[in-house]
**Q** 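This is the structure, below, for whatever I ask next.
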Protein chains: 2
Amino acid sequence: MAKRPADPISASAPAARQVPMRDFSRSLPMSLLRAREAVMRQFRPSLREHGLTEQQWRILRALAAIEAAEVTELARTAFLLGPSLSRILRDLEARNLIERRTAKADQRRSMVSISKEGVKLMASVAPSSEAIYAEITRRFGARKLAELQEMLAELERSLAELGASDEASAEE
Amino acid sequence: MAKRPADPISASAPAARQVPMRDFSRSLPMSLLRAREAVMRQFRPSLREHGLTEQQWRILRALAAIEAAEVTELARTAFLLGPSLSRILRDLEARNLIERRTAKADQRRSMVSISKEGVKLMASVAPSSEAIYAEITRRFGARKLAELQEMLAELERSLAELGASDEASAEE
DNA sequence: CGGAGATGCTTAACATGTTAAGTGAATGCG
DNA sequence: CGCATTCACTTAACATGTTAAGCATCTCCG
């Protein structure tokens, strides 16, 4: 371990290295980011061929699994923020991949569902998508993949309560 | 593709599930995305207080560790694409947090380094950032954290050759 | 009733992700 | 040399992430 003389900011040094933080390439956020990018890099070309972005694909998949959903529910399922979802739904609707109608009970809510065309598009993308996922599983190992997912889920649980309230040195 | 028989799925009928994919909320990309978001949610408020985005912070951290770097090298270290980095460097330079000058040997390259002000800003952010990281480590467990990072690194390695089939062989 | 507040969604504004094209400076090769 | 090619960025264009505001609609309570 490189030990370091405790001297935060010496007023005239050559400007760098006074703040001894962990090597940030090994920080958890970076690890997660790089891993995710390594995975998504496999899928993007195939999605792109079909004229879909990653997020549009997430929405179609979410909708295919449930008959219809409110926008807020869909946002939670596809893990998208409201504003992003709003824009994407507008575009997907213009492409006739989804359908939308306001609920009769509550005029504020709008119900979203996948269209016939949307289902067709999914059917054309799914095979190559599944093949890629299978190849990733084969390379990394099915058992290790399951372990990894479990650890990720537990990480989420560990931090679930933390984010709800405010944190160190909140506002000002 | 083969024409398909009358589609049983219509806009008003229940069930649009003829493509049986995995529950996508358990897909690897989603797991990684959610885990990363759970982590970043802890850091964003603190960074925001200091007027920094996550990416700007990555760049400052990278620069603090290495005197000076070319833009391309910095992009690799901070895991940012060229265009994003270009914009961010422009902004950070306008805020006097970094300095930039073109190399004499090769007029195409520009050397970037953190400024005195940048170092000061880092020093003001680092403590709370480290505290948050420590809390995350405490909650999840230091050992498990190390295991997780190792698995993520291995996942990266597993997929390294796959996505870059014709351009792999120039790394140290 | 009725208006204050909550709710569901959209727009706005700014920053980044992503791909493609542009620009000026080196390099290779005839 | 001459010049096409490569290289190191930068710009451009479009899509999403992120926060704050805006706008209807709905709920609740006096």
Side-chain angles (χ1 to χ4, degrees), chain A residues 29 33-34 36-49 51-59 68-76 78-95 98 100-112 163 171, chain B residues 29 33-34 36-59 69-76 78-95 97-98 100-112 163 167 170:
Chain A
L33 180 59
R34 280 200 306 255
R36 184 175 143 81
E37 178 55 29
V39 173
M40 285 314 302
R41 202 194 328 275
Q42 315 302 321
F43 288 99
R44 262 190 279 270
S46 163
L47 290 177
R48 186 172 174 72
E49 275 177 45
L52 288 174
T53 65
E54 178 195 334
Q55 292 81 0
Q56 293 168 345
W57 177 236
R58 287 219 299 273
I59 292 174
E70 300 171 13
V71 172
T72 300
E73 181 191 356
L74 188 55
R76 192 166 34 74
F79 208 70
L80 291 169
L81 294 178
S84 293
L85 185 53
S86 251
R87 284 177 304 216
I88 299 174
L89 288 180
R90 165 167 48 71
D91 298 348
L92 290 180
E93 189 175 23
R95 287 167 65 182
I98 64 166
R100 186 146 52 157
R101 62 179 183 292
T102 62
K104 333 151 215 5
D106 187 337
Q107 296 291 90
R108 292 172 306 183
R109 298 172 198 287
S110 99
M111 305 301 292
V112 184
E171 82 278 57
Chain B
L33 180 58
R34 280 199 308 255
R36 184 175 143 82
E37 178 54 29
V39 173
M40 286 314 301
R41 203 193 329 276
Q42 315 302 321
F43 288 100
R44 261 190 280 270
S46 162
L47 290 178
R48 187 174 173 72
E49 275 176 48
H50 294 278
L52 287 175
T53 65
E54 179 196 333
Q55 292 81 359
Q56 293 168 344
W57 177 237
R58 287 220 298 274
I59 292 174
E70 300 171 13
V71 172
T72 300
E73 180 190 357
L74 187 55
R76 191 167 37 74
F79 208 70
L80 291 169
L81 294 179
S84 294
L85 185 53
S86 250
R87 284 177 305 215
I88 299 174
L89 288 181
R90 165 168 49 69
D91 299 348
L92 290 180
E93 189 174 24
R95 287 166 65 182
L97 295 176
I98 65 165
R100 187 148 50 158
R101 63 177 178 292
T102 62
K104 326 146 215 17
D106 187 337
Q107 295 292 90
R108 292 172 306 182
R109 295 168 146 76
S110 99
M111 305 301 293
V112 184
E167 74 225 301

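Chain letters run A, B, ... following the sequence lines, proteins first and then strands; every chain starts at 1.
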**Q** Take the protein atom CG of B:Leu81 and the nucleotide atom P of D:dA13, then report the distance between them rounded to whole Å.
**A**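 B:Leu81 atom CG is separated from D:dA13 atom P by 19 Å.
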**Q** Could you state the CD-P distance from B:Gln55 to C:dC14, rounded to the nearest angstrom?
**A**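 It is 18 Å, rounded to the nearest whole Å.
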**Q** Would you say the side chain of B:Arg108 and the base of D:dC9 hold a donor-acceptor pair, judged only by whether the two atoms sit under 3.5 Å apart?
**A**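 Under the 3.5 Å cut-off, the side chain and the base do not form any donor-acceptor pair.
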**Q** Between B:Ala105 and A:Arg109, just flag the one whose closest nucleotide in DNA chain C comes earlier from the 5' side.
**A**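 So the residue in question is A:Arg109.
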**Q** Tell me whether the side-chain N/O atoms of A:Arg48 come closer than 4.0 Å to OP1 or OP2 in D:dA15.
**A**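 Negative; the distance criterion is not met.
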**Q** To the nearest angstrom, how far is B:Arg41 atom CZ from D:dG17 atom P?
**A**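 Those two atoms, CZ and P, are 14 Å apart.
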**Q** Please report the distance, rounded to the nearest Å, between CZ in A:Arg90 and C1' in C:dA12.
**A**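 It is 12 Å, rounded to the nearest whole Å.
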**Q** Nearest 0.5 Å, please: how far is CZ in B:Arg95 from CD in B:Gln56?
**A**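 Going from the CD atom of B:Gln56 to the CZ atom of B:Arg95 covers 5.0 Å.
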**Q** DNA chain C: A:Gly82 or B:Asp91, which has the more 5' nearest nucleotide?
**A**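 Checking each residue's closest nucleotide, the 5'-ward one belongs to A:Gly82.
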**Q** Considering just the side-chain nitrogens and oxygens of B:Gln56, establish if one lies under 4.0 Å of OP1 or OP2 belonging to C:dT16.
**A**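 So the side-chain polar atoms of B:Gln56 do come within 4.0 Å of the phosphate oxygens OP1 or OP2 of C:dT16, strictly under.
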**Q** For D:dA8, does either OP1 or OP2 sit under 4.0 Å from a side-chain N or O belonging to B:Ser110?
**A**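 For D:dA8, OP1/OP2 do not have a side-chain N/O of B:Ser110 under 4.0 Å.
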**Q** B:Arg87 has an atom CZ; how far is it from atom P of C:dT18, in whole Å?
**A**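 Nearest whole value for this atom pair: 11 Å.
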**Q** Just to verify, which of A:Ile98, A:Leu80, A:Ile88, A:Ile59 counts as forming a side chain to side chain contact (heavy atoms under 4.5 Å, CB included) with A:Leu74?
**A**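 Between A:Leu74 and the candidates, side chain to side chain contact (heavy atoms under 4.5 Å, CB included) is satisfied uniquely by A:Ile59.
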**Q** Kindly compute the distance separating CG (A:Asp106) from CE (A:Met111), expressed to the nearest 0.5 Å.
**A**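 Here the interatomic distance stands at 11.0 Å.
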**Q** Rounded at 0.5 Å granularity, tell me how far CZ in B:Arg90 sits from CD in B:Glu93.
**A**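 It comes to 10.5 Å.
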**Q** Rounded to the nearest 0.5 Å, how far apart are CZ of A:Arg58 and CG of B:Leu33?
**A**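 CG of B:Leu33 is found 5.5 Å from CZ of A:Arg58.
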**Q** If I take atom CG in residue B:Leu52 and atom C1' in nucleotide C:dT16, what distance separates them, rounded to the nearest angstrom?
**A**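 Nearest whole value for this atom pair: 15 Å.
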**Q** Would you tell me if any nitrogen or oxygen in the side chain of B:Arg58 comes within less than 4.0 Å of OP1 or OP2 on C:dT16?
**A**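 Checking C:dT16 against B:Arg58, no side-chain N or O comes under 4.0 Å of OP1 or OP2.
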**Q** From B:Arg109 CZ over to B:Lys104 NZ, what is the distance, rounded to the nearest 0.5 angstrom?
**A**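 Spacing of CZ (B:Arg109) from NZ (B:Lys104) equals 12.5 Å.
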**Q** Need one value for B:Ser86: base, sugar-phosphate or nothing, where a base atom within 4.0 Å counts as base even if backbone is also close, heavy atoms only.
**A**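 Touches a base.
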**Q** Within the 4.0 Å heavy-atom criterion, would you say A:Leu85 contacts the bases, only the backbone, or no part of the nucleic acid?
**A**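 No contact at all - A:Leu85 keeps every heavy atom at 4.0 Å or more from the nucleic acid.
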**Q** In this structure, how many angstroms lie between the P atom of D:dG17 and the CD atom of A:Glu37, rounded?
**A**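 Atom CD in A:Glu37 sits about 14 Å away from atom P in D:dG17.
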**Q** Any N or O donor-acceptor pair linking the side chain of B:Arg44 to the base of D:dG17 at under 3.5 Å?
**A**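 No.
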**Q** Given atom NZ of A:Lys104 and atom P of D:dT25, what is their separation to the nearest angstrom?
**A**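 Result: 16 Å.
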**Q** Taking only N and O in the side chain of A:Ser84, is any of them less than 4.0 Å away from OP1 or OP2 of D:dT16?
**A**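 Looking at the OP1 and OP2 atoms of D:dT16, neither is under 4.0 Å from any side-chain N or O of A:Ser84.
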**Q** Regarding B:Leu80, tell me which of base, sugar-phosphate or nothing describes its non-hydrogen contacts under 4.0 Å with the strands shown.
**A**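 Touches sugar-phosphate only.
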**Q** Below the 4.0 Å mark, does C:dG8 have OP1 or OP2 next to a side-chain nitrogen or oxygen of A:Gln107?
**A**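 For C:dG8, OP1/OP2 do not have a side-chain N/O of A:Gln107 under 4.0 Å.
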